[in-house]
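Just below is one structure, and these are the notes that go with it.
Each chain gets a letter, A, B and so on, in the order its sequence line appears, and its residues count up from 1.
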2 protein chains.
Amino acid sequence: MDAAYRLFADKGVSATSLQMIADAMGVTKAAIYYQFKTKDEIVIALTERQLAGLEDVLDAAEAEPSRPRARELLLERVIDIAVADRRLVSVLQFDPVVVRLLAEHPPFQQFITRLYRAMLGDEADTAARVHAAMMSGAISVAVMHPLVADISDEELKAQLLASMRRMVELRE
Amino acid sequence: MDAAYRLFADKGVSATSLQMIADAMGVTKAAIYYQFKTKDEIVIALTERQLAGLEDVLDAAEAEPSRPRARELLLERVIDIAVADRRLVSVLQFDPVVVRLLAEHPPFQQFITRLYRAMLGDEADTAARVHAAMMSGAISVAVMHPLVADISDEELKAQLLASMRRMVELRE
DNA sequence: GTCTATAGAATGATAGAC
DNA sequence: GTCTATCATTCTATAGAC
């Protein structure tokens, strides 16, 4: 999975073949097929590994009575994970093949629904949704943008968190 | 190119074969190869067609002495184009294969450099760059996010412009 | 300018030996 | 659990006829 992670982050999912993953590991394709029945399963396993880091904080956010505090909890962790996995984020979020695959995977959909509900509450007016979409995009893209490629993880995290807090305040 | 546009937007570049494009057009692959020497050329031609809509407003922004007004000009047009081509935006911006291809295409690089200079001026401190990356991401993703899939172009444009203006003001 | 036909390589996936 | 060998299919790209 680490080999797949590196190749997916580098070339994207569709442009990465099982042969490439096998070569990177020094094994054959057949060995990979013993662990994963299809290429899709590798993508799903990788996605679940990424989202696992949000599990506990999402539980905590759902138990938190104050919405702003719940949002703050989630925001910090989401930024942490996004910065740590800068290069994979866009691949998993924006590759149409991956998006479709994950959309057909119920556990993933349920998780995302929980995440947005914890962030948005039950408000669902147009302005709130556009704002949420923008914040989500701002994080996803900010961590992988060429403009910030040379900024250290720590500094990027701090800047992002500060900017996001100001963006969130715009809506309170 | 319209057929390629639709397929790229739907499946991404790597997952779209020349055969699919040919089938969608009702011609054979050989007919496409007569027009474009390689698949990459199709991607570049499509990208140039998208960016052509920014050409005149970028000229105008560079001639504009007031930076905030230049930014406002660019912002409006960028949002217009992004909303109009909702589905293609992420494919061209985030597919690692496309990103690499365009990075090796000097005319594209020069155009992007001009665009960022017109937006950022010569300030290049960390905070300004992170902020610019976030704004760029906010637009790119906001137009294609599932949360906003059912919002009309006109309403989405208005909301995005309003949100972006408030984000920009945070930095003035 | 589009066609048929094909070359040559790569793809995802499987069978069966060890 | 990994291997070799192979399947059917698909891919990009080209040659040559019309």
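- At whole-Å resolution of the value, CD1 in B:I21 and C1' in D:dT12 are 12 Å apart.
- Hydrophobic clustering places A:V91 together with A:F108 (ILVMFWY residues linked when any side-chain heavy atoms are closer than 4.5 Å, directly or through intermediates).
- Between B:S17 and D:dT10, a side-chain N or O to OP1/OP2 separation shorter than 4.0 Å is absent.
- Taking a cutoff of 4.0 Å between a charged side-chain nitrogen and a carboxylate oxygen, B:D150 and A:R129 qualify as a salt bridge.
- Annotation: A:R117, atom CZ; neighbour count of heavy atoms from other residues, nucleotides and ligands within 6.0 Å does not exceed 12.
- As rounded to whole Å, 18 Å separates atom P of D:dT4 from atom OH of A:Y34.
- Taking atom CG on B:L7 and atom P on D:dC11, their separation rounds to 12 Å, with Å as the unit.
- A salt bridge is defined here as a Lys NZ or Arg NE, NH1 or NH2 lying under 4.0 Å from an Asp or Glu carboxylate O, and B:R165 with B:E76 meets this definition.
- Note that the first and last nucleotides of DNA chain C, 5' to 3', having any atom under 4.0 angstrom from a heavy atom of chain A are C:dT11 to C:dA15.
- Look at CG on A:L18: it is 15 Å from C1' on D:dT9, rounded to the nearest Å.
- Mapping B:K37 and A:V27 onto DNA chain D by nearest heavy atom places A:V27 closer to the 5' end of the strand.
- Residue A:K29 is classed as a base contact, given a heavy-atom separation below 4.0 Å to a base.
- A donor-acceptor distance shorter than 3.5 angstrom exists from the side chain of B:R100 to the backbone of A:D10, with no hydrogens or angles considered.
- Between the A:H131 side chain and the B:Q159 main chain, no donor and acceptor come within less than 3.5 Å of each other.
- In this structure, A:T16 and A:A30 both approach DNA chain C, and ranking their closest nucleotides by distance from the 5' end singles out A:T16.
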